[in-house]
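Input: a single structure, listed below in C-alpha cells.
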Amino acid sequence: MKREPFFWVSISCGIVIMAFILLPLIQLLTSPSVGMLRESIGDRDVVRSIWLSIYTAGLAALISFVFGTPLAYLLARYDFRGKRLVEGIIDLPIAIPHPVVGIAILSVAGKNHFFGQILAELGVRIMGSVTGIVTVLTFVGIPFYLNAAKAGFEAVSPRLERVSRSLGASMFGTFVRITFPLAWRSMLIGIIMCSARAISEFGAVVIVAYHPMIAPVLIYERFEAYGLKYSQPVAVWLVSISLILFLLLRILTLHKVEEQ
Amino acid sequence: MIAIRGLTIDLRDFHLRDINLEIAENEFFILMGPTGAGKTVLLEAIVGLIPIKNGAISIDGRDITALPPEKRGISIVYQDYALFPHLTVLDNITYGLHFHKIDKRKAQGRLAKLLEVLNLSHLQHRLPTNLSGGEKQRVSVARALMVEPKVLLLDEPLSALDPGFREEVRGSLKKLHQTSSITFLMVTHDFSEALSLAGRAAVMNNGRIEQVGEIEDIFKRPNSAFVADFVGMKNLFHAEFKGTKALVSDLEIELGVTPPNSHGYIAIRPEDIVISRRRFSSSMRNAFPAVVTAVIDQGFYYEVRAQSGEVGFASLITKSSLIELKLRETSDVFVSFKATAVHFF
Amino acid sequence: MRAAILFRWTWCAMVAIILILTQGQAFAEVSGKIVIFNAGSLTIPLAQMEKEFEANYPQVDVLREAAGSQKCARKISDLKKPCDIMASADYKVIDKLLIPNYADWNIRFATNQLVLCYTDKSKYAGEVNAKNWYEILARKGVIWGHSEPNLDPCGYRALMVLQLAEKYYKIPGIYARLVANRPKENIRPKSVELVSLLQTGNMDYAWEYLSVAVQHGLKYILLPDQINLGNYRFDEFYSQAVVKVTGKKPGTFMDMKGGSVTYGITMIKDAPNREAAIAFLKCMLDPQGGLKILKNQGQPPFVPCRVPTGAMKSSLPEPLKDLVEVKD
C-alpha cells in the first residue's frame with residue numbers, strides 16, 4: 001500500500017519532536033561520570049533535597065486532589081453566570097511568571113498583609129519553610145489537576161448520575177459508585193501532571209524558600225557556585241527518580257485497564 | 001397518583017408553562033408532542049432532577065416538590081438506556097438495592113421474576129458493552145423496576161430499537177404493567193405504540209399541554225389545529241357553520257349535528273376518506289367530485305391527494321386498490337366520507 | 001584575463017573590509033557592551049552611574065549582574081563567564097579569588113558599615129534600640145537573618161559583627177545563642193533579598209549595609225563603631241572576628257578576618273571590551289562622577305580612591321592613574 005505524503009510528513013514531524021526532546025536529555029544523562037554520580041548520591045544534602053522535592057510535590061498533588069475534586073465536579077456539571085471567568089482564573093497560575101508567583105505568595109504571607117498577620121498569630125510560617133514550598137507547588141500545580149479531573153467528569157454522562165439518583169443514591173453515593181469509578185483514570189492523570197509540574201518548579205520556590213532546598217534550587221546553587229560538573233549529577237538523579245516514579249504510576253494504571 | 005399543579009420551569013434552553021396533570025394509579029399514560037415540546041423536561045422534573053420555578057408535584061397524595069430524587073420512589077428509563085458501563089447486567093439491575101432496604105429473599109424473588117419476564121437470565125454476568133439494543137433496553141427496565149417504584153417514567157424507550165425488537169419490548173412493557181400496580185408514564189413519537197399501550201394521553205407543545213384525555217379522543221377529536229395536525233389529521237379546514245352543515249370554500253359538508261359555534265375548523269382522518277371512480281350510493285352523506293393531484297407512495301399505503309374545487313383532500317388507499325381503480329394524476333374520482341367522520345372544533 | 005583582474009580586486013576588497021572590521025574598535029568611538037559583575041549593595045548606585053554614562057556614550061550598553069561578591073568571583077574563575085569589570089563589597093575577595101589569574105590590580109573605592117534593619121511591622125519594633133538589639137535577636141519567635149557567608153561578604157560580615165558584639169559588650173556565649181536562633185531558612189544568597197522579606201513582613205530583622213538601608217527606606221539601628229565594621233581606626237579590634245567560608249575549590253575553606261568594610265573594583269584580565277570598560281571606570285572613580293553618586297546614596301567613598309602599593313598603581317591603565325593615590 002502506497003502511503004500518502006501526509007503520512008510521511010507526520011512521521012517526520014514526529015521524529016523531529018522526539019529528537020528535540022531526547023537530545024538534551026541524553027546529553028544530560030550521559031555527561032556525568034559514574035564516579036560523580038556515586039559521589040552525588042552519597043552526599044547527604046543531595047539526598048535530602050531530592051527527597052524534599054518528591055514529598056512536597058506529593059503533598060501538593062494530594063492537596064490538589066482533595067480540594068480540587070469538588071470544584072472540578074462542579075465545573076463539569078453546572079453552568080452558572082461567570083463560569084468562564086472562574087475557569088480563566090483557574091488557568092491563571094499557568095500563565096504567571098514563576099518569580100512573580102513567589103513574590104505574590106510572599107507578600108500575602110508577610111505581616112504587611114492581613115492574611116499574613118493571621119498566619120503569624122497561628123504560628124504558621126511560609127517563608128523558608130516546607131509549608132511555604134508546598135503552598136507554592138500547590139499554586140502552580142492545581143490547574144493541571146483541575147483541568148484533567150474536570151475533563152474526566154465531563155466524560156461521564158450526567159444521565160448515568162440521574163438514573164443513579166432515581167434509584168435511591170444520594171449525590172455523594174452517586175459520586176462514589178458511578179462517577180468516580182468511571183473517572184478515576186483522568187483524576188490519576190491529573191495527579192501525575194500536577195506532581196510533575198510541582199517537582200520541576202524553581203523560580204517561584206527559590207523566592208519563597210531558599211532553605212530548605214528542593215532539588216532544583218540545589219542544582220542551580222551548585223551550578224552557580226561550582227559549575228556544570230557539580231550540578232549535572234544531581235540533575236541526573238532528580239530526572240531519573242522522577243521518571244521512574246511517573247512510569248511506575250502509569251504502569252499501575254495500565255495494569256488496571258487490562259484487568260477490566 | 002401523580003398530581004401536577006401549575007408546574008413552571010425556566011431553564012436556559014427549556015421551559016414549561018403552568019402544567020396541570022392528573023394521572024391515576026396504575027394508568028399507562030402517554031405523553032406526546034414535537035421535539036422540543038418539553039416532554040423530557042417534564043419527566044425529569046417529576047423525578048426531581050430539574051429545579052422548579054413554580055408549582056407542585058404530589059405522588060399518592062404526598063407533596064414531593066421539595067424532596068431530592070433519591071427519596072421520591074420514581075424510576076426513569078432513558079432512550080439511550082444509560083446502563084452503568086462498569087457494572088455487569090446483574091449489578092446494574094440490583095444497583096438500587098444498595099439504597100433500599102429490602103428483605104433478601106423478597107429481593108431474590110423479584111430479581112428472578114424480572115429476569116424471567118424480560119428474558120435476561122443468560123446475560124447476567126455480561127457487561128453492557130456486549131449487549132444488543134433490545135437487551136440493553138430490557139436491562140434498563142429491569143433495573144428501574146427492581147426497586148419497586150410507585151411510578152415508572154419511560155423516555156421514548158423504544159425509538160432507538162429495530163422495528164423487530166420494538167414489538168417484543170412493547171409486549172414486555174404491557175405485561176409488566178398489567179401484572180403490577182405501578183403507574184407508567186411514557187413519552188413516545190410512535191402513534192401505533194401510543195394507541196396500543198395507552199389509556200389516557202396528553203399532547204404537549206412549546207412547554208404547554210395542549211390536550212389531555214383518552215387516546216382515542218385525541219386522535220379522533222383533537223381540540224385544536226395543532227393537535228389535529230400533530231396526530232395526523234391531514235384534512236384540516238377552516239369552516240363556517242350553518243345549521244348542521246360546514247361551509248368550506250364552495251363545498252357544503254354535512255356534519256349531522258349542529259356545532260355550537262358559527263365558525264371554526266373541521267378535520268377528517270385520511271383513512272376515513274373513500275376514493276372511488278363512480279359516485280357511491282351509500283350511507284356516506286358527503287360525496288364530491290374531484291381530480292387526483294398526486295399519488296404518493298408511503299410504503300405500505302398510498303396517499304392520494306384529490307382536489308375538489310378549491311378544497312384538497314388527502315386519503316389513504318392500499319396498493320391493490322390503487323391498481324384496481326387505475327388511479328393516476330388527473331384521474332376523475334369521487335371523494336366520500338361519513339358525516340360522523342368529520343370532526344369539528 | 002579580465003576575470004582574473006576582477007577576481008584579484010574582489011579578493012583585495014574583501015581582505016580590506018575584514019581588516020577594517022577587526023580593527024574597528026581601535027578606530028571607532030567607544031561602543032559595544034560592558035559586562036559588570038557587582039555586589040548586590042552597589043545595585044542602586046551603579047544603576048544611576050549606568051544612566052549617566054550611557055547618556056554620554058550612547059553607543060555603549062552597560063550590562064550589570066548583581067550577586068554576592070564571592071559568587072561574582074566564581075562566575076569569573078570557575079564558570080569562565082565573560083566579564084569586563086568586577087565590583088566587590090569586600091576588596092579581599094578580589095585579592096583572594098581573582099588575583100593573579102584573572103586580575104592584576106584592585107582599586108579600593110568606598111566604605112560602608114553594617115546596621116540592623118527592620119520595619120514597623122517587625123516584632124518588638126517599638127522596643128528595639130542600640131542597647132538591647134542582641135537580646136531581642138536572641139528571643140524565641142523573632143525571625144532575623146543575613147545573607148549566605150559563602151556567597152556574600154555581607155553574610156560573613158554580619159557574623160563578624162555578632163562576634164565583635166560578644167567581645168565588646170562582654171557577654172560570653174551571646175554569639176552562639178544568636179546563631180542558634182537563626183535557622184538556615186533565614187539565610188538568603190544575596191543580602192538585598194532580605195530587604196523584600198522585611199518589606200513584606202516575612203522577616204523581622206536583617207543585617208544590611210547602611211547604604212542599602214537608606215536606599216530602601218528601611219528603619220535601622222546604628223551600632224557602635226567598635227563593632228559596625230565601618231571605621232578603619234578599629235581595624236585591630238575588628239581583626240578578632242574570624243569566619244570560615246568556602247575557598248577557591250569545592251571542599252576547601254578559607255578564613256575571612258574582620259576588617260573595616262572596604263569595596264574594591266577591578267577590570268578582568270581578558271575583558272572583552274577594554275576601551276569601554278576603562279572609560280566607564282574613569283567616570284565611576286571620578287570624585288564628581290560615580291563617587292559623588294555613592295556619597296549621595298549613603299555610601300561614603302574614598303576620595304580619591306586607593307591602591308595599597310606603588311607597584312599596583314603603575315600597573316593601572318593610563319587613564320585611571322590620576323584618580324588613584326597610594327595608601328594602605
Side-chain angles (χ1 to χ4, degrees), chain A residues 69-70 72-87 148-190 252-260, chain B residues 11-13 40-41 43-51 64 67-88 91-102 127-129 136 139-155:
Chain A
T69 302
Y73 185 71
L74 222 94
L75 287 173
R77 287 284 173 258
Y78 296 101
D79 251 328
F80 50 89
R81 227 200 291 174
K83 181 175 173 182
R84 293 276 164 255
L85 182 66
V86 171
E87 290 173 336
K150 184 174 93 153
F153 294 141
E154 279 169 349
V156 175
S157 165
R159 277 207 172 159
L160 296 178
E161 295 176 347
R162 287 186 198 152
V163 171
S164 168
R165 300 287 303 277
S166 74
L167 292 170
S170 62
M171 255 183 119
F172 181 67
T174 302
F175 182 82
V176 170
R177 285 180 189 276
I178 304 295
T179 320
F180 183 78
L182 291 171
W184 71 269
R185 246 169 241 106
S186 298
M187 292 162 82
L188 185 64
I189 290 178
L252 280 175
T253 60
L254 270 175
H255 183 61
K256 282 255 165 81
V257 170
E258 276 164 30
E259 260 179 26
Q260 285 216 350
Chain B
L11 282 185
R12 231 179 352 167
D13 300 323
T40 308
V41 181
L43 286 194
E44 290 192 332
I46 297 174
V47 180
L49 298 165
I50 298 185
I64 58 158
L67 279 184
E70 55 266 26
K71 299 217 169 82
R72 293 194 183 196
I74 301 173
S75 289
I76 185 164
V77 174
Y78 279 108
Q79 183 180 2
D80 60 359
Y81 329 121
L83 293 182
F84 303 131
H86 59 299
L87 300 177
T88 60
D91 287 333
N92 261 281
I93 297 176
T94 54
Y95 180 78
L97 293 180
H98 293 295
F99 315 103
H100 292 84
K101 296 213 184 344
I102 298 179
L127 282 176
T129 43
K136 282 194 222 177
V139 174
S140 190
V141 173
R143 177 178 64 179
L145 292 175
M146 190 68 204
V147 292
E148 220 150 71
K150 296 211 192 85
V151 176
L152 178 63
L153 307 178
L154 304 117
D155 194 351

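Chain letters run A, B, ... following the sequence lines, proteins first, then strands; residues in each count from 1. If you're wondering where the values come from, they're calculated on a predicted model, not measured in any experiment.
- Under the 4.5 Å side-chain criterion, counting only non-hydrogen atoms from C-beta, A:Val86 is in contact with A:Phe80.
- Scanning residues 154-162 of chain A against chain B with a 4.5 Å heavy-atom cutoff picks out A:Arg159, A:Leu160, A:Arg162, ordered by number.
- Smallest separation of non-hydrogen atoms from A:Phe175 and A:Thr69: CZ-CG2, 3.7 Å.
- Residue A:Pro181 comes nearest to B:His86 through the heavy atom pair CB-CD2, 3.5 Å, listed as atom of the first residue, atom of the second, then distance.
- The candidate from B:Val77, B:Asp80, B:Val47, B:Leu83 with the greatest count of non-hydrogen atom pairs under 4.5 Å with chain A is B:Asp80.
- A donor-acceptor pair under 3.5 Å is absent between the side-chain atoms of B:Asp155 and the main chain of B:Gln79, judged by distance alone.
- Interface residue B:Ile76: backbone and side-chain heavy atoms are both found under 4.5 Å from chain A.
- No donor-acceptor pair closer than 3.5 Å links the side chain of B:Thr94 to the backbone N or O of B:Leu97.
- For the options B:Glu44, B:Lys71, B:Arg72, heavy-atom pairs under 4.5 Å to chain A are most numerous at B:Glu44.
- In this structure, the side chain of B:His98 does not engage the main chain of A:Ala169 through any donor-acceptor pair within 3.5 Å.
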side-chain contact (heavy atoms from CB on, under 4.5 Å), that's the test. Do B:Val151 and B:Leu153 meet it? Break it down for me.
CA-CA 7 Å; B:Val151 176; B:Leu153 307 178; 3.7 Å; yes
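- Contacts from residues 141-149 of chain B to chain A, taken as heavy-atom pairs separated by less than 4.5 Å, involve B:Arg143, B:Ala144, B:Val147 in sequence order.
- For chain B, the nearby parts of A:Ile178 are the backbone and the side chain; heavy atoms of each come within less than 4.5 Å.
- Side-chain polar atoms of B:Ser140 and B:Tyr78 form no donor-acceptor pair below 3.5 angstrom.
- The distance between the ring centers of A:Phe180 and A:Phe153 does not fall below 6.0 angstrom.
- Two residues are said to be in side-chain contact when any heavy atoms from C-beta on lie closer than 4.5 Å; B:Asp91 and B:Tyr95 fail this criterion.
- A donor-acceptor pair under 3.5 Å links the side-chain atoms of A:Lys83 to the main chain of A:Leu75, judged by distance alone.
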